[in-house]
Amino acid sequence: MFNIVNLLKNSINVNHPRRDRMLRGLARKLSFYMAIMIFVLSFLLSLFASLIFDNTFTATVHGEVESIVRNNASSIGEFFEERFKEMAVYARHDVFRNGTDEEIVAYLKSEKSEKDEWYENIFYVDARTLMRYMPSGDIHPMPDTPFLEPALAGEKVLGQPTVSKVTGNPVFVMTYPIMENGEVRGFIGMSFNMEVFNERISQYKVNHPDSFSYIISKNGDYLIHHNKELILNENIASPSEIISKEEAKIGEEIVKNESGVVKANFFGKSSYDFFTVIPNNPNWKLVLSVPDDYIESPGKGAMQKMFASSIAATLLVMVVSFFIVRTIAVPILKLKHLVDRTEQFDLRTTDEYEKIAKRNDEIGAIANSILTLRQSLNNMFQTIFANCRFIKKEADQNFASIQTLNEISELASTTTENLTSSMQNASGSTNEIAERLNLIVEKMKQLDNELNATKKRIERIEAEAATLEKDSIHTQNLSLELFHSVNMKINESLKD
């Protein structure tokens, strides 16, 4: 029993000089592992999101450029439709039915002077005589041209560009029939200067200095282009001295499809070429050339900014996570260490544990439970110490009684020896012997009482020792149950 008490006293004085260094090391490791995990996950998510954003942004830019091409093509188609409407007004004029040659020429001259910004020339062809009337006053036979036959058949014609035999400029011709009594009386024709038209087309581009538009025929012939050497001389789908086979293959994609976009590298310039058929003129296609960097740079720039923002956010999350880890992991590790100390019966409490117990969360609740357990154990041990001191006191008293009993026994033995000697030497001293015998009887009675009292004290000490042993076993079982319960709570908190 005394060895157990000394063991408990010694265990209370156990010291852990490496505790703080160990806790700091574990906190740093846990923070480092969490930071690495968060950084890797954030990096992968940022990279994945950036790629998706880049593709989405590129698709958005593609959609915007496609919309620009369609709108520009519609604008050109509306231009043709407006010209046909103007020509319809001319075709209804009575001068072409009842006017003289001079009146027809005068009318054409007045109309041309008002439309010089668009018209290269305006003319009238009489279907009966095939004579062509010009604003200059020239009246001569109409030459055979590709648009003559459909025009005489009563069709509206938007002819392919060609070089004007009158002015020598690249032009395209539009014709409108003049009807009389259901028959073709003739047709009114207008030729448009391709260079003037090219100035209009040059405005169709995106906000980039290297962007431009051009027009090709349904067969791929260049009709309008800022490089005049290509106009009516080169075909976008046919290899030549200036068009490579690779470029011609890309041109074939433009020719065979009504609309779309191709990754091109015409004449050494990498670009995306968006194309579509022009409304009201299915024989022409408008192509909008957009440099690569206009399509790709915004997406890459936005992706870089997004990626940089993600990295900054990741670093911020890592810093915040570090402090969170220190706020949660360090107290849990300290509580784990406190449980280990309690298991070793080290019941000293410092201010750091009291601070943890003041928290208003689960960690604070666990700390309060552990401190309550430690206080209960401390109270139990104090009770055990008090009982041990009481037992020691009773044992000391019993030892004194035993010493007194030994003295009485020795006295009785001496008295007996003396009595025997006296009886031998003074057989006549009866009265003295009787007195001595009475004294012996009294001493024997006193000895018997002392022995009975000592026996009762010993029985009481044995009963108290048995009770104390039962209490010690119960206390130890209760402590182990509390240790296991607290350890389970701490392990559950660590898992969460």
With a sphere of 6.0 Å drawn around CD of E183, does it hold more than 12 non-hydrogen atoms of other residues, nucleotides or ligands?
no
Once side chain to side chain donor-acceptor pair (under 3.5 Å) is applied, do any residues pair with R185, and if so which ones, sequence neighbours excluded?
E180
Across all chains, not counting sequence neighbours, the salt bridge (Lys or Arg N to Asp or Glu O under 4.0 Å) partners of E253 are K256
Kindly write out the residues that satisfy side chain to side chain donor-acceptor pair (under 3.5 Å) with D101, not counting sequence neighbours, or none if the list is empty.
Y133
Taking R83 first and then E86, would you say they form a salt bridge - that is, a charged N and a carboxylate O separated by under 4.0 Å?
yes
Heavy-atom side-chain contact between L130 and P141 under 4.5 Å
no
Is the side chain of S211 donor-acceptor paired with the backbone N or O of S289 at a distance under 3.5 Å, no angle test?
yes
Nearest heavy atoms of V69 and T276, plus distance in Å
CG1-CG2, 3.4 Å
Is the side chain of N198 donor-acceptor paired with the backbone N or O of M194 at a distance under 3.5 Å, no angle test?
no
Exercise: identify the closest heavy-atom pair between A73 and P279
O-CD, 3.3 Å
If the condition is ring pair (Phe, Tyr, Trp, His ring centres under 6.0 Å), which residues does Y222 pass it with, not counting sequence neighbours?
Y214, H225
Does any part of the side chain of F80, heavy atoms only, come nearer than 4.5 Å to the side chain of E78, both counted from C-beta?
no
Heavy atoms of K112 and E120 approach each other most closely as CE-O, 3.5 Å
Determine whether the aromatic ring centres of residues F79 and F84 are separated by less than 6.0 angstrom.
no
Find out whether L148 and M142 are in side-chain contact, i.e. whether some heavy atom of one side chain is under 4.5 Å from a heavy atom of the other.
yes
Under the ring-ring contact (aromatic ring centres under 6.0 Å, His included) criterion, do Y107 and F96 qualify, and how do the steps go?
CA-CA 9 Å; Y107 178 76; F96 297 113; 5.6 Å; yes
Contacts of K263 that satisfy side chain to side chain donor-acceptor pair (under 3.5 Å) - sequence neighbours left out:
S270, D292
Could you work out, with side chain to side chain donor-acceptor pair (under 3.5 Å) as the rule, every residue matching N98, not counting sequence neighbours?
D94
Do the ring planes of F147 and F123 sit parallel (below 30°), tilted (30 to 60°) or perpendicular (above 60°)?
tilted
Can you check whether E229's main-chain N or O pairs, donor with acceptor, with N233's side chain at less than 3.5 Å?
yes
Heavy-atom pair of closest approach, residues N281 and V277
O-CG1, 4.2 Å
Please check this pair: side chain of E247 against backbone of F267, looking for a donor-acceptor N/O pair closer than 3.5 Å.
yes
Do Y204 and S75 have a side chain donor and acceptor closer than 3.5 Å?
yes
Side-chain heavy atoms of I68 within contact of L288, under 4.5 Å
yes
If you apply the rule side chain to side chain contact (heavy atoms under 4.5 Å, CB included), what do you find for R97 with I178, and how did you get there?
CA-CA 9 Å; R97 294 172 179 83; I178 300 174; 3.7 Å; yes
So which atom in N280 and which in P282 form the shortest heavy-atom distance, rounded to 0.1 Å?
C-CD, 3.9 Å
Intermediate values then yes/no, side chain to side chain contact (heavy atoms under 4.5 Å, CB included), N121 and M134:
CA-CA 8 Å; N121 219 331; M134 303 294 293; 3.0 Å; yes
Heavy-atom pair of closest approach, residues P177 and A91
O-CB, 3.6 Å
Going by atom types only, do D138 and S136 share a side-chain donor-acceptor pair under 3.5 Å?
yes
Going by distance alone, is a donor N or O of one side chain under 3.5 Å from an acceptor N or O of the other, for S74 and N72?
no
Going by the side-chain contact (heavy atoms from CB on, under 4.5 Å) test, name the single residue among N257, L286, V261 that passes it with F275.
N257
Verify side chain to side chain contact (heavy atoms under 4.5 Å, CB included) between Q160 and N283, making sure each step is shown before the conclusion.
CA-CA 8 Å; Q160 293 293 334; N283 295 323; 3.3 Å; yes
Close side-chain approach of V287 to I254, heavy-atom, < 4.5 Å:
yes
Min side-chain heavy-atom separation M179-V184 under 4.5 Å
yes
V173 and T175, any side-chain heavy atoms less than 4.5 Å apart:
yes
Check whether D126 reaches the backbone of R132 with its side chain - one donor and one acceptor, N or O, closer than 3.5 Å.
no
Atom CD of E149: over 12 foreign heavy atoms under 6.0 Å:
no
Quick one: are M174 and V157 in side-chain contact, heavy atoms under 4.5 Å?
no
Could you go through the side chain to side chain contact (heavy atoms under 4.5 Å, CB included) check for N227 and L230 one step at a time?
CA-CA 6 Å; N227 186 356; L230 301 176; 3.8 Å; yes
